Amino acid sequence: MSIEVKNISKTFGSFTALKNISLKIENGELISLLGPSGSGKTTLLRVIAGMELPDPSPDSQVLFFGEDVANRPVGDRKVGFVFQHYALFKHMSVYENIAFGLRVRPRALRPNEATIREKVHSLLALIQLEGFGSRFPKQLSGGQRQRVALARALAIEPQVLLLDEPFGALDAKVRKGLRDWLRGLHDELNTTTILVTHDQEEALEVSDRVVVMNQARIEQVGAPAEVFHHPESEFVIDFLGNVNVFQGRINQGQAVLENMRVKLSDPTIPDGEQAKVYVRPNDITIDKNSIGDSSIEASVTRINRAGVQAKLSLASKNNEEIRVDVSMERLLELGLQLGDTVYVHPTKARVFVPDYTI
């Protein structure tokens with residue numbers, strides 16, 4: 001086991017940032033801490049790094065390879081930390097920024113200049129910035145600066161690489177390129193890596209597992225496909241991508257709303273219970289004719305053709321918005337126009353009932 005936190009809580013005055021968190025991270029794994037602002041993900045990362053101490057508790061532990069480091073300072077944990085805003089030394093060249101962690105080691109552990117030079121040049125090659133060693137941070141693009149920050153963290157050969165929203169200050173295209181690069185780098189180095197992000201697409205693309213956090217707690221841990229397709233809570237399905245929410249009630253083992261019925265996996269839930277039915281836009285079929293007796297009638301209010309799929313906004317007879325994603329071919333086949341009456345039918349839905357898990 002690479003890292004394990006057990007029963008970790010952290011409060012700042014009256015604010016609870018972490019509430020009895022336990023998590024295991026395997027050796028060589030790339031795991032994302034995903035959640036909205038204030039969910040506790042950065043605090044958890046800082047506790048693992050040693051930048052924050054957990055609240056005192058006889059049951060709490062921060063284990064690195066089976067050894068409790070909860071009371072050890074940052075310098076003794078051998079972690080590499082990369083911040084959102086690079087935190088490069090502006091007065092130092094790229095070369096000196098990368099070499100910094102090696103130069104400040106105690107004299108007995110400090111490598112000689114030849115070793116430092118070899119290490120820095122190998123890292124420059126790794127981050128695809130050979131020939132940039134003499135430049136200064138202001139002469140680099142945002143994406144290049146973040147790669148230098150990663151190289152500086154890797155120079156000390158950390159046991160664990162901690163990334164706190166490292167691509168948050170970059171534009172969408174640069175972010176996409178860098179996260180692909182990060183995944184390739186991780187596969188090459190196999191360093192245990194923890195990434196903090198609020199970007200769902202980023203977490204789902206690069207991670208081996210995703211830890212979804214909300215209000216100081218862990219909502220769900222699993223592989224990207226697992227948390228996306230099999231959410232364990234309303235928060236998880238609502239947070240991970242767009243979703244339609246329909247209100248209904250339980251009747252004879254089904255969630256009933258308008259003309260639609262969704263069969264429950266747990267038929268023992270009593271009739272009359274309120275239910276929420278969650279359906280992703282790409283899990284809805286649409287037609288100009290009623291689809292049996294389980295269709296919802298709606299009118300087309302908006303058509304967005306910009307993208308691989310067309311994104312439709314519909315209004316039900318109750319004036320509820322319904323979002324549907326369809327292929328361009330299907331859109332042309334239907335010949336939809338604003339104001340057209342259509343019928344929608346969910347092909348896959350998830351039902352949540354208060355106090356029940358379905």
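Keep in mind that what you see is a predicted model, and the values were worked out from it rather than measured. Residue indices begin at 1 and follow the sequence shown.
The residues Lys78 and Glu157 are annotated as not salt-bridged, no charged nitrogen and carboxylate oxygen being separated by less than 4.0 angstrom. Between Arg103 and Glu113 there is a salt bridge, since at least one side-chain N of the basic residue sits less than 4.0 Å from a carboxylate O of the acidic one. Between Asp287 and Arg330 a salt bridge is recorded (basic side-chain N to carboxylate O distance below 4.0 Å). Using a 4.0 Å cut-off between a side-chain N of Lys or Arg and a carboxylate O of Asp or Glu, Arg183 and Glu205 do not qualify as a salt bridge. Electrostatic pairing of Lys288 and Asp340 counts as a salt bridge here, judged by a charged N lying under 4.0 Å from a carboxylate O.
Taking 4.5 Å as the limit, some side-chain heavy atom of Arg280 sits within range of a side-chain heavy atom of Ile237. Contact annotation: the side chain of Ile21 never approaches that of Val47 to less than 4.5 Å [non-hydrogen atoms, C-beta and beyond].
The main-chain N or O of Ile8 is never found under 3.5 Å from a side-chain atom of Gln61 such that the two would form a donor-acceptor pair.
Between Leu336 and Arg305, the shortest heavy-atom distance links the atoms O-NH2, 4.2 Å. Between Ala275 and Val353, the closest heavy-atom pair is CB-CG2, 3.9 Å. Considering all non-hydrogen atoms of both residues, Glu321 and Ser313 come closest at OE2-OG, 3.5 Å. Contact record, Ala153 with Leu161: CB-CD1, 3.8 Å, taken as the closest heavy-atom pair. Considering every non-hydrogen atom in both Val279 and Lys348, the closest pair reads CG1-O, 3.5 Å. In terms of heavy atoms, Pro137 sits closest to Met92 at CD-O, 3.2 Å.
No hydrogens or angles considered: nothing links the side chains of Asn20 and Ser9 as a donor-acceptor pair under 3.5 Å. A donor atom on one side chain and an acceptor atom on the other are not found under 3.5 Å apart for Gln309 and Ser327. Side-chain contact of Ser134 with Ser93: a donor-acceptor pair under 3.5 Å is absent, judged by distance alone.
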Between Phe352 and Val277, does the side-chain contact (heavy atoms from CB on, under 4.5 Å) criterion hold? Intermediate values first, please. CA-CA 7 Å; Phe352 288 96; Val277 180; over 6 Å; no
Kindly indicate, with the supporting measurements, whether the criterion side-chain contact (heavy atoms from CB on, under 4.5 Å) is fulfilled by Arg147 and Leu178. CA-CA 8 Å; Arg147 280 188 274 162; Leu178 270 180; 3.6 Å; yes
With side-chain contact (heavy atoms from CB on, under 4.5 Å) as the test, would you mind laying out the steps for Asp325 and Asn242 before giving the verdict? CA-CA 10 Å; Asp325 293 345; Asn242 294 324; 6.0 Å; no
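Put simply, Leu129 and Phe89 are part of two different groups of oily side chains (I, L, V, M, F, W, Y) that touch within less than 4.5 Å, one to the next. Taken together through direct or relayed side-chain contacts under 4.5 Å among Ile, Leu, Val, Met, Phe, Trp and Tyr, Phe100 and Leu154 form parts of separate hydrophobic clusters.
Rounded to the nearest 0.5 angstrom, Asn71 CG and Leu53 CG are separated by 6.5 Å. Here the CZ atom belonging to Phe136 is positioned 9.0 Å from the NE2 atom belonging to His91, to the nearest 0.5 angstrom. Separating the CG atom in Leu102 from the NZ atom in Lys119 is a distance of 7.5 Å, to the nearest 0.5 Å.
Annotation: salt bridge (Lys or Arg N to Asp or Glu O under 4.0 Å) contacts involving residues 215-226, sequence neighbours excluded, are absent.
Around CD of Gln139, the count of heavy atoms belonging to other residues, nucleotides or ligands within 6.0 Å exceeds 12.
Both tests do not hold together for Lys276 against Tyr278: distance to the six-membered ring centre under 6.0 Å, angle to the ring axis within 45°. A cation-pi arrangement is absent between Arg117 and Tyr95 under the rule of less than 6.0 angstrom and at most 45 degrees off the ring axis. Remark: Arg135 qualifies as a cation-pi partner of Phe132 under the 6.0 Å distance and 45° angle criteria applied to the six-membered ring.
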